[in-house]
Amino acid sequence: MALALLEDWCRIMSLDAQKSLLVMGIPVDCDEAEIQEVLQETLKSLGRYRLLGKIFRRQDNADAVLLELMEDVDSSVIPHEIQGKGGIWKVIFKTPNQDTEFLERLKLFLEKEGQTVSGMFRALGHEGVSTAMVPCISPELLAHLVGQAIAHAPHPLLPMRYRKLRVFSGNAVPAPEEEPFEIWLEQTTEVVKEWPVPEAEKKRWLMESLRGPALDLLHVVLADNPSISVGECLEAFKQVFGSLESRRTSQIKYLKTYQEEGEKVSAYVLRLETLLRRAVEKRAIPRNIADQVRLEQVMAGASLSAILWCRLRELREQGPPPSFLELIKVIREEEEEEASFGNENHKEPVAGDGHGHWDDEADD
């Protein structure tokens, strides 16, 4: 990093890094007189300075020079770039509060992940570092320690949340930052599986995302059974806040969902899948025939080209029905094929009969 180069160079020469500048990107054929001429013109507002040395940076294929400012300068007037020979020269400097800003950003990042700077050091094996000592630790040391730990860690460095949960209250009028219950439940169900922590910690993190009636419900559930799992907690939430539609209603809603005008078949299948999963959860559709039901409904409820109709009929007749991803793959391939030929081979759609052939197989 350019700032690290500035700090290292200043350390070697016993200079104050906050009273020094590093100018980079200087062409190698630019001599000292030409460099001085450019700097005197572009940095004259900074007062007196000394050019202390020049080095060649192989990664930039260009030179860099170190300047010592002889007067106190407001960092806001220092330019980040100057126009020099061969193009733009970059000016690197360190602001007086840069170390503080680094620590504040680090603390903010860790707080969002439910951690502290002290906790980070414990994870790194530095048990003796307290919160009071953190401001005395240089950003360079922090970066070095964290970088080393990440490079050699055989597993995630910190027991952080992989992803945070959205807020859910269960109120009749949800807050602007809240998701509808079904969306919140789906996201939460997936996220809690990824949290690399014990069940007790998962329940604490779940509690942090709840407000109002939802939080009250979790307290009741935990008081009734302290050893309950997070999965069982979510089942309780589903019973209280989930949709009250009957098994038959969810089945009919799925059966009466057709492709809309202008909607791609692949988009229709994706929309249909949400309804199918809901019907399966309510046991309105047997899970073991879900793939068959999906294929039947697509063939009944979508406007299919003759080619796609034939491909889906072959899938139905030749063996086990395709899974959701397998079906989407076939449909997307055909859609892309049709688009690439400008729909030249598009034929009249084969209309479905508006219903599937599995209705009697589902227990009502």
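Throughout, numbering of the chain's residues begins at 1 and tracks the sequence. Keep in mind it's a predicted model, so treat the numbers as computed, not measured.
Side chains of T42 and Q83: no donor on one and acceptor on the other come within 3.5 Å. E335 and S266 are linked by a side-chain donor-acceptor pair at a separation below 3.5 angstrom, with hydrogens and angles left out of the test.
Side-chain contact check for N171 versus P213: some heavy-atom pair is nearer than 4.5 Å. L22 has its side chain out of reach of V65: every pair of non-hydrogen atoms, C-beta onward, lies at least 4.5 Å apart. Using a 4.5 Å heavy-atom threshold, the side chains of Y49 and L21 count as separate. Residues I35 and V23 have side chains not in contact (no heavy-atom distance under 4.5 Å, counting atoms from C-beta outward).
Across all non-hydrogen atoms, the minimal contact from E273 to F324 is OE1-CD1, 3.4 Å. Across all their heavy atoms, T257 and R271 have their closest contact at CG2-NH1, 3.4 Å. Smallest separation of non-hydrogen atoms from A284 and Q251: O-NE2, 3.0 Å.
With side-chain heavy atoms closer than 4.5 Å counting as contact, directly or through intermediates, the hydrophobic cluster containing V28 also holds F56.
Among L5, I26, D63, the single residue meeting the side-chain contact (heavy atoms from CB on, under 4.5 Å) criterion with R57 is L5.
Side chain of Q40 to main chain of E37: no donor-acceptor pair is present (N/O by atom type, distance under 3.5 Å, no hydrogens or angles). Side chain of W184 to main chain of V167: no donor-acceptor pair is present (N/O by atom type, distance under 3.5 Å, no hydrogens or angles). Proximity of a side-chain donor or acceptor of E190 to a complementary backbone N or O of Q187 within less than 3.5 Å is not detected.
For F168 and F241, the gap between ring centers is short of 6.0 Å.
Checked against salt bridge (charged side-chain N to carboxylate O under 4.0 Å, His left out), K264 has no partners two or more places apart in sequence or in another chain. Listed by chain and residue number, R311, K329 satisfy the salt bridge (charged side-chain N to carboxylate O under 4.0 Å, His left out) test with E333 (two or more places apart in sequence, or in another chain).
Taking the charged nitrogens against the carboxylate oxygens, K90 and E81 have no contact shorter than 4.0 Å, which rules out a salt bridge. Using a 4.0 Å cut-off between a side-chain N of Lys or Arg and a carboxylate O of Asp or Glu, E7 and R11 do not qualify as a salt bridge.
Counting non-hydrogen atoms of neighbouring residues, nucleotides and ligands closer than 6.0 angstrom, the NZ atom of K54 exceeds 12 such neighbours.
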